[in-house]
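Predicted, not measured: the structure shown is a model, and the values here were computed from it. Only this structure's heavy atoms are used, side chains among them; waters, hydrogens and symmetry mates stay out. Whatever order the structure lists ligands and atoms in, that order sets their numbers, starting from 1.
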Amino acid sequence: MSAQLIDGRFLAQSIKDALAQQIAKLPQQPRLDIVLVGHDEASEIYVRNKIKAADQIGLKTVLHLFDETVSEEELLQAIEAMNNDKMVNGIIVQLPLPANLDMHRIINKIDPCKDVDGFHPYNTGMLQNNQNPYFIAATPLGIMQLIKTVCPNLSGKNVVIIGASLIVGRPLATLLLNQECTVTITHIHTKNIKELTRRADIVVAACGVANLVKADWIKDGAILIDVGINRLQGKICGDIDFADVQDIASAITPVPGGVGPMTIAILLQNTVTAYNLQNKSEK
Ligand code: GUN
């Protein structure tokens with residue numbers, strides 16, 4: 001039997017519709033400021049998609065473009081100005097940054113109350129402690145919602161995550177652990193990944209290697225979440241070989257149309273949350 005498709009586009013649209021309704025009732029448009037450094041092609045596309053989605057729901061965006069020669073001090077000053085600007089509700093720095101810039105120093109400068117990417121150590125630390133961060137990173141939070149459409153009770157599930165990034169693998173592992181899953185994070189130095197993934201109820205692939213996960217990597221009925229967006233012979237494909245696994249998995253996210261749209265919808269949701277947090281006392 002063919003795996004059920006987990007439709008990220010549909011779920012993302014329902015989140016954006018609800019946000020549009022909320023925003024229409026606010027006295028002011030929530031505002032997201034986006035910092036983009038250099039000319040990474042994928043980053044330019046992601047940022048364009050974020051701005052387009054924000055426009056569609058009535059959320060204001062301001063794009064701060066910097067040349068790759070920008071100094072760390074200049075970026076820190078720009079973020080400081082956004083932190084202090086009452087009109088700015090959310091701030092994101094599109095990653096990756098050019099290698100000469102210290103990503104952590106720059107992210108750590110963002111006011112945690114405006115850190116709608118959830119990357120600031122305050123927010124990652126609170127998540128790690130199973131407390132309430134202001135914000136949780138959009139991709140892992142979106143993935144949790146996608147998994148829950150096909151598996152509402154995660155308690156006791158074996159999950160293998162391929163990739164240990166700040167943006168996906170690490171926060172996702174914490175979210176799953178907080179939901180009583182047994183989580184294994186694998187990475188480039190993991191030996192015999194296949195033996196681990198074969199035992200998993202849920203496999204999340206977030207490593208950026210086109211079609212890495214094949215049929216013999218997964219067990220019958222596994223739920224598969226594909227975070228990869230790779231270009232192979234002119235076509236977009238994920239980290240999971242969709243055609244190879246579709247008759248073995250019970251459910252799978254497509255690429256495109258799975259995790260990607262959810263990331264954007266949750267980022268916008270986080271920005272509306274930021275607006276509400278910052279305007280709470282004035283109500
Ligand atoms: N690069 C890839 N994904 C993301 C994301 O979710 N946020 C930011 N800021 N950069 C990214």
Between N100 and E68, does the side chain to side chain contact (heavy atoms under 4.5 Å, CB included) criterion hold? Intermediate values first, please. CA-CA 9 Å; N100 60 309; E68 53 269 325; 5.9 Å; no
At what distance, to the nearest 0.5 angstrom, does OG1 of T61 lie from CG of L32? 6.5 Å
Ligand 1 atoms in contact with F119 (distance to a heavy atom under 4.0 Å): 7 (N), 8 (C), 9 (N)
Whether the D33 and H64 side chains hold a donor-acceptor pair (N or O, under 3.5 Å, no angle test) is what I'd like checked. yes
Using a distance-only test with no angle check, is there a side-chain donor-acceptor pair under 3.5 angstrom linking Q269 and K16? no
Between F135 and F119, is the gap from one ring center to the other below 6.0 Å? no
Would you check the N or O atoms of D117, main chain and side chain alike, for any that come under 3.5 Å of an N or O of ligand 1? yes
Atom 11 (C) of ligand 1: the protein heavy-atom neighbour that sits closest, reported with distance to 0.1 Å: Q94 NE2, 3.3 Å
Per-residue contact class, L267 against ligand 1 - non-hydrogen pairs under 4.0 Å: neither
Using heavy-atom distances, let me know which of V168, I167, I264 sits nearest atom 3 (N) of ligand 1. I167
For the 3.5 Å polar cut-off, considering only N or O atoms, please tell me whether Y46 and ligand 1 meet it. no
Pairs involving residues 185-216, ordered by first then second residue, that meet ring-ring contact (aromatic ring centres under 6.0 Å, His included) (sequence neighbours left out): none
For ligand 1, which atoms, with element, lie under 4.0 Å from some heavy atom of V93? 8 (C), 9 (N)
So for L95 against ligand 1, with non-hydrogen atoms under 4.0 Å, the contacting part is both
